[in-house]
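Single-structure report; data block below.
Sequence positions, counted from 1, serve as the residue numbers for this chain. All of these numbers come straight from a predicted model, not from anything done at the bench.
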Amino acid sequence: MSAHAFPRTPGFTNGGVSFWYRRAGLPRPRPALPGPRQYDVCIVGGGYTGLWTAYYLKKARPDLRIAILEREFAGFGASGRNGGWLSAEIAGSKRRYAARSGREPVVAFQKAMMAAVDEVIAVCAREGIDADIVKGGVLYAATNPAQRRRLRAEVAEARRWGWDEQDLYLLDRDESEKRLRLAGVLEAAYSPHCARIQPAKLALGLAQATERLGVDIFESTTVTEIRPRRGGRPAAAVTEHGEVTAEYVIRATEGFTAGLAGQRRQWLPMNSSMIVTEPLDAQVWERIGWEGREVLGDSAHAYIYAQRTADDRIAIGGRGVPYRFGSRWDERGATHLRTAAALQRMLAGLLPAAADARIDHAWCGVLGVPRDWCSVVDVDRSSGLGLAGGYVGSGVTTTNLAGRTLRDLVLGESTELTRLPWVGRRVRRWEPEPLRWLGVRLIYTLYRAADRRENGGLQTTSAYARLADLISGR
């Protein structure tokens, strides 16, 4: 059988931004920047980070003149393509954050992430945003002995970083099957601090809520360069339609940061792919379970993430082809058919009851990865420049915390949020090509080899994975 073969619906689509937009509908185009303008705050990037930042700034200070500049449309990037995990996971190594700030600030960071899950849900309720939210928690499954060892170690480690017993705990096979009947699961862990969402609906609703507050959103406006405050001139975002000057210019471009002048090596645009099945009938769901709508992850090195959608499909994602040479990315979300086929095989292996389900849509998107794999948020008051990102795939909730933190930093307020350990971090750049491309290919080749060895019976974490961790700097 071809590596590209998998069952497909007659209307199968590859790309077209994402399945989420196919269901929700693409937004009405907003106007482009009409020419040079001056604002108090200019935000470059109309994804979750930019929208949350504008939303909270305008709520705090209605008199602020705020503009968002977006190359495509608000929510075009990872915000409208992700797996729909509103999760409390911190992006990156807690030990690395603690090396700079100590343990207690990291525990505070973790508690802030847990609270951010509920904050997003509360804003959606307050603003009338119907994003198919179900706070069913998250289930992490271990399907071989090495994964089970890692899962147990991760739960024990979480206890040291602010997770109490009710926040994250192990389930035996019988307990996990009451939630979701997965094939070959030895053990699972569960946390209530996660919700399923429809990503595009959240992006669309948040953009509308932000506009209602009086924020200007300019689409089809490509920013080519961000300039600091210098020589009496304000900070500026340079576009093909003219410059936007502002007291503060915030970079919220995440995986697309490499497109800005001088930023090609700042954050690596990591590619992640997804597929979604056709709607499954009631008999299939009786065999699967999943009545709580938990989101699902596994403990593999090349891990998957999945959800049961509001219309009873299964959406599942993974890394696929993780990086394109020269920090390039696909424009319209098409993914490799080999990757889509691999995801379908993973789905069939975990959920045999859905093995014959046809795939209705495949797509991909990029996420931003700093060299040390830890997120950052910052505002430099001397240059007038700010930024947030590097979420490494954990951005749905983290963007909300970033938006509130950027609000406080722009307003010059010292708060619990501005004292969190990701504020003001400095991260070295990625290596130049071809070292960057060769390194990422090697890392994911090693992770996949490690998964094969562990699935073949290796009882402990493969040395290939430990080598990959060392090369990646995670």
Side-chain angles (χ1 to χ4, degrees), residues 83-90 94 107 110-111 113-115 117-118 121 133-197 280 284-309 312 314-318 346-355 393-394 396-397 450-451 454-455 457-461 465:
W85 282 38
L86 186 63
S87 161
E89 291 182 8
I90 290 177
K94 297 178 181 67
V107 172
Q110 182 60 74
K111 297 297 185 184
M113 283 294 294
M114 292 175 182
V117 173
D118 293 326
I121 295 171
I133 297 175
V134 177
K135 192 181 180 186
V138 55
L139 195 69
Y140 301 98
T143 58
N144 62 48
Q147 288 185 20
R148 180 166 59 184
R149 283 174 179 263
R150 279 198 302 278
L151 187 65
R152 290 176 175 178
E154 288 163 7
V155 171
E157 178 75 358
R159 296 281 185 271
R160 294 189 281 273
W161 299 105
W163 294 80
D164 297 330
E165 289 187 8
Q166 69 271 21
D167 294 324
L168 179 67
Y169 51 89
L170 292 169
L171 305 174
D172 63 28
R173 184 185 304 180
D174 290 341
E175 291 172 320
S176 66
E177 284 191 354
K178 290 177 183 177
R179 295 180 178 273
L180 177 57
R181 287 181 280 283
L182 298 166
V185 171
L186 302 181
E187 199 164 38
Y190 173 77
S191 170
H193 298 292
C194 191
R196 179 206 73 186
I197 68 161
L280 307 184
V284 174
W285 284 115
E286 283 182 13
R287 294 165 61 191
I288 293 174
W290 217 343
E291 295 178 2
R293 271 65 173 179
E294 303 90 344
V295 298
L296 170 68
D298 69 0
S299 299
H301 302 289
Y303 56 84
I304 59 95
Y305 48 92
Q307 67 153 275
R308 178 179 178 175
T309 69
D312 287 335
I314 298 174
I316 183 171
M346 292 178 188
L347 170 62
L350 281 170
L351 293 164
S394 296
V396 179
T397 309
D451 284 332
E454 292 173 10
N455 287 331
L458 186 67
Q459 298 291 303
T460 59
T461 294

*Taking every non-hydrogen atom, the tightest pair across Ser299 and Arg150*: O-NH2, 2.7 Å
*Expected output: side-chain Gln307 to main-chain Gly83 donor-acceptor under 3.5 Å*: yes
*Apply side chain to side chain contact (heavy atoms under 4.5 Å, CB included) to Leu151 and Leu186, showing your working.*
CA-CA 11 Å; Leu151 187 65; Leu186 302 181; over 6 Å; no
*Return the minimal non-hydrogen interatomic distance between Leu296 and Trp290, and the atom names on each side.*
CB-CZ2, 4.1 Å
*asked:* I need the minimum non-hydrogen distance between Arg179 and Leu139, along with the two atoms involved.
replied: CD-CD1, 4.1 Å
*In Å, rounded to the nearest 0.5 Å, how long is the span from CG of Leu458 to CG of Asp451?*
11.0 Å
*Would you call Val138 and Val295 a side-chain contact if the rule is heavy atoms closer than 4.5 Å?*
yes
*asked:* Rounded at 0.5 Å granularity, tell me how far CZ in Arg159 sits from CG in Asp167.
replied: 8.0 Å
*Can you measure from CD (Glu286) to CG (Leu280) and round to the nearest 0.5 angstrom?*
12.5 Å
*asked:* Quick one, Asn455 and Gln147 - any side-chain contact, counting heavy atoms below 4.5 Å?
replied: yes
*asked:* Between Arg308 and Trp285, is there a side-chain heavy-atom distance shorter than 4.5 Å?
replied: yes
*Spacing of OG belonging to Ser191 relative to OH belonging to Tyr140, to within rounding of 0.5 Å*: 6.5 Å
*Going by heavy atoms in the side chains, are Glu157 and Lys94 under 4.5 Å from each other?*
no
_Any side-chain to backbone donor/acceptor pair from Asp164 onto Gln166? Under 3.5 Å, distance only._
no
_Show the nearest heavy-atom pair for residues Arg196 and Thr309, with the distance to one decimal._
NH1-C, 3.4 Å
*Do Glu154 and Leu168 come close enough that some side-chain heavy atom pair is under 4.5 Å?*
no
*Nearest heavy-atom pair of Thr461 and Glu454: which atoms, and what distance?*
CA-OE2, 3.4 Å
_For the CD1 atom of Ile197 and the CG atom of Leu86, what is their distance to the nearest 0.5 Å?_
6.0 Å
*Just by modelled atom types, is the Cys194 backbone N or O under 3.5 Å from a matching donor or acceptor in the Ser87 side chain?*
no
*With a 4.5 Å heavy-atom cut-off, do Trp163 and His193 have their side chains touching?*
yes
_Could you check whether any side-chain heavy atom of Thr143 comes within less than 4.5 Å of a side-chain heavy atom of Asp298, counting everything from C-beta outward?_
no
*Looking only at heavy atoms, what is the nearest atom pair of Gln459 and Pro145, with distance?*
OE1-CB, 3.5 Å
*Report yes or no: do Arg149 and Thr460 form a side-chain donor-acceptor pair below 3.5 Å?*
no
*Got Leu351 and Leu180 here, is their nearest side-chain heavy-atom distance under 4.5 Å?*
yes
*asked:* Under a 4.0 Å threshold between the charged nitrogen and the carboxylate oxygen, would Arg293 count as salt-bridged to Asp312?
replied: yes
